[in-house]
Number of protein chains: 2
Amino acid sequence: MSDGRAAPVFGGESLLFLTDEQLRQGIEAMFFAYRGFTADPDRILADMHYGRAHHRAIHFINRAPGTTVTNLLSILGVTKQSLNRVLRTLIDDGLVESRVGTRDKRERHLYLTDRGRALEARLSDAQRTRMRAAYREAGPEAVAGFKKVLEAMMDPEMRRLYARLKDGK
Amino acid sequence: MSDGRAAPVFGGESLLFLTDEQLRQGIEAMFFAYRGFTADPDRILADMHYGRAHHRAIHFINRAPGTTVTNLLSILGVTKQSLNRVLRTLIDDGLVESRVGTRDKRERHLYLTDRGRALEARLSDAQRTRMRAAYREAGPEAVAGFKKVLEAMMDPEMRRLYARLKDGK
DNA sequence: GAGTTTATGTCAGCCTTGTTGACATTCCAA
DNA sequence: TTGGAATGTCAACAAGGCTGACATAAACTC
């Protein structure tokens with residue numbers, strides 16, 4: 001299995017990696033890994049009165065400063081009411097700034113304030129530290145495969161959004 | 001980067017895969033992929049009055065029939081009150097059976113009923129179908145890397161649980 | 001045998017974060 | 001000028017986390 005050619009089946013390519021057992025392992029790996037993935041930021045957020053939803057908003061505002069509410073909605077996949085509640089607290093607490101659009105004054109463009117950027121840095125440092133350790137342990141080839149499978153797992157629309165973000169919009 | 005040896009740095013091994021940009025991509029890939037990962041079962045569950053928590057309980061009871069409540073608690077990482085609410089509804093609805101332990105009568109051993117197994121099959125078929133497509137698209141080597149990185153991302157305790165499940169307890 | 005610990009269940013209350021529905025405002029575009 | 005898009009907000013609700021408190025039964029320990 002390690003060379004991808006073990007026990008040739010159906011035209012010379014192994015399909016052993018597609019057994020239900022392999023798939024179940026992948027499913028459980030996703031479940032347990034996602035717990036680790038969110039654990040560190042969650043601990044930081046728990047101290048303040050914030051949750052994972054705040055982290056997500058902060059992450060993507062930092063990622064694309066000046067993004068509109070609608071754009072953020074499509075990225076996060078929640079209702080505007082749900083997002084609005086989160087944004088409201090972030091704006092009230094002075095972590096996010098909402099500027100009325102110049103071209104289109106209906107739009108609100110979102111930016112992190114200095115304090116917002118500070119929290120973002122704390123959260124993403126914590127998350128990156130774990131990712132870096134995992135990457136280092138697994139090695140470059142594993143990382144390439146990791147991304148390849150994750151990308152293939154996304155809904156087409158999410159895949160498009162992911163690619164846009166990846167390629168610097 | 002594709003061969004893992006691009007632009008050698010620090011003793012011949014590339015560390016380009018550890019840049020903040022690479023890490024950020026991995027973080028966003030996890031976010032978007034997890035959405036896809038849960039999307040199909042979520043749609044099935046939404047029709048009934050169940051949620052993701054019920055799916056998780058059903059999955060692991062199916063995975064390890066006869067498991068105790070305490071064991072399930074450690075796997076799921078929630079409080080007994082939270083799990084109990086979910087188990088209560090599953091037992092009341094006749095999807096899960098709770099049997100008093102024979103050796104230790106304090107313990108409750110959990111089993112899926114026929115109806116429970118039927119729902120489990122529907123849910124995991126849906127989830128496996130997406131995983132299978134992703135695996136097939138990415139290829140065996142990518143899948144190996146995928147699992148390697150996910151495993152390295154887990155908390156040590158989760159990693160232990162994952163390995164135990166993987167190796168058939 | 002008494003006392004302690006363990007496994008479980010349950011009640012009450014709280015929080016975050018998701019949902020739907022309804023409605024108002026602003027303002028671009030045809 | 002009118003329709004629709006973008007946004008905000010109010011209200012109500014549900015899932016699924018949480019803590020704290022308490023009860024029970026059984027097992028374990030001294």
Side-chain angles (χ1 to χ4, degrees), chain A residues 31 34-35 38-39 41-61 66-93 96-111, chain B residues 31 34-35 38-39 41-61 66-93 96-111:
Chain A
F31 171 69
Y34 200 78
R35 289 256 295 278
T38 56
D42 279 359
R43 264 188 290 274
I44 295 171
L45 291 157
D47 293 343
M48 342 189 158
H49 52 317
Y50 293 144
R52 213 173 279 177
H54 299 86
H55 183 192
R56 290 196 284 259
I58 287 173
H59 174 96
F60 286 108
I61 292 172
T67 189
T68 62
V69 172
T70 299
N71 188 40
L72 203 49
L73 280 177
S74 72
I75 290 174
L76 297 177
V78 296
T79 59
K80 64 176 177 173
Q81 294 89 333
S82 194
L83 174 59
N84 193 258
R85 178 169 37 198
V86 168
L87 278 182
R88 190 78 263 135
T89 68
L90 291 174
I91 291 169
D92 289 349
D93 295 351
V96 168
E97 192 189 347
S98 169
R99 297 187 205 153
V100 174
T102 49
R103 212 194 47 190
D104 184 337
K105 292 177 189 169
R106 289 168 305 180
E107 295 182 341
R108 299 294 187 281
H109 297 274
L110 303 169
Y111 300 87
Chain B
F31 171 69
Y34 200 78
R35 288 257 295 278
T38 57
D42 280 358
R43 264 188 290 274
I44 295 172
L45 291 157
D47 293 342
M48 341 189 160
H49 53 319
Y50 293 145
R52 212 173 280 176
H54 298 86
H55 183 192
R56 290 196 285 258
I58 287 173
H59 174 96
F60 286 108
I61 293 172
T67 189
T68 63
V69 172
T70 300
N71 187 40
L72 202 51
L73 281 177
S74 72
I75 289 174
L76 297 177
V78 296
T79 59
K80 65 174 177 177
Q81 293 90 333
S82 195
L83 174 59
N84 192 258
R85 178 169 37 199
V86 169
L87 277 183
R88 190 77 265 136
T89 68
L90 290 175
I91 292 169
D92 289 350
D93 295 352
V96 168
E97 191 189 347
S98 168
R99 297 184 205 153
V100 173
T102 49
R103 213 194 46 190
D104 184 334
K105 293 177 188 168
R106 290 169 306 181
E107 296 181 340
R108 299 295 188 281
H109 297 275
L110 303 169
Y111 300 87

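Lettering of chains follows the sequences in order, A, B, ..., and the numbering in each one begins at 1.
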Is any side-chain nitrogen or oxygen of [X] closer than 4.0 Å to OP1 or OP2 of [N]?
X	N	result
A:His54	C:dT17	yes
A:Arg85	C:dT16	no
A:Thr79	C:dG18	no
B:Arg106	D:dA23	no
A:Arg56	C:dG18	yes
B:Arg108	C:dA7	no

Which nucleotide, [options], lies nearest any side-chain atom of [X]?
X	options	answer
A:Ala53	D:dA27, C:dG9, C:dG18	C:dG18
A:Val78	C:dG18, C:dT10, C:dC28	C:dG18
B:Asp104	D:dA27, D:dT19, C:dG18	D:dA27

Sugar-phosphate only, base, or nothing, as touched by A:His109 at under 4.0 Å among non-hydrogen atoms: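 It contacts nothing in the nucleic acid.
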Sugar-phosphate only, base, or nothing, as touched by A:Arg52 at under 4.0 Å among non-hydrogen atoms: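 If one applies the 4.0 Å heavy-atom cut-off, A:Arg52 turns out to touch the sugar-phosphate alone, with no base involved.
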Parallel, tilted or perpendicular: ring planes of B:Tyr34 versus A:Tyr34, cut at 30 and 60 degrees: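 Aromatic pair B:Tyr34/A:Tyr34 classed parallel.
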For atom CZ of A:Arg88 and atom C1' of D:dC10, their distance in whole Å: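 Nearest whole value for this atom pair: 14 Å.
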Side-chain donor/acceptor contact of A:Gln81 with base of C:dG21 under 3.5 Å: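 Donor-acceptor pair under 3.5 Å: yes.
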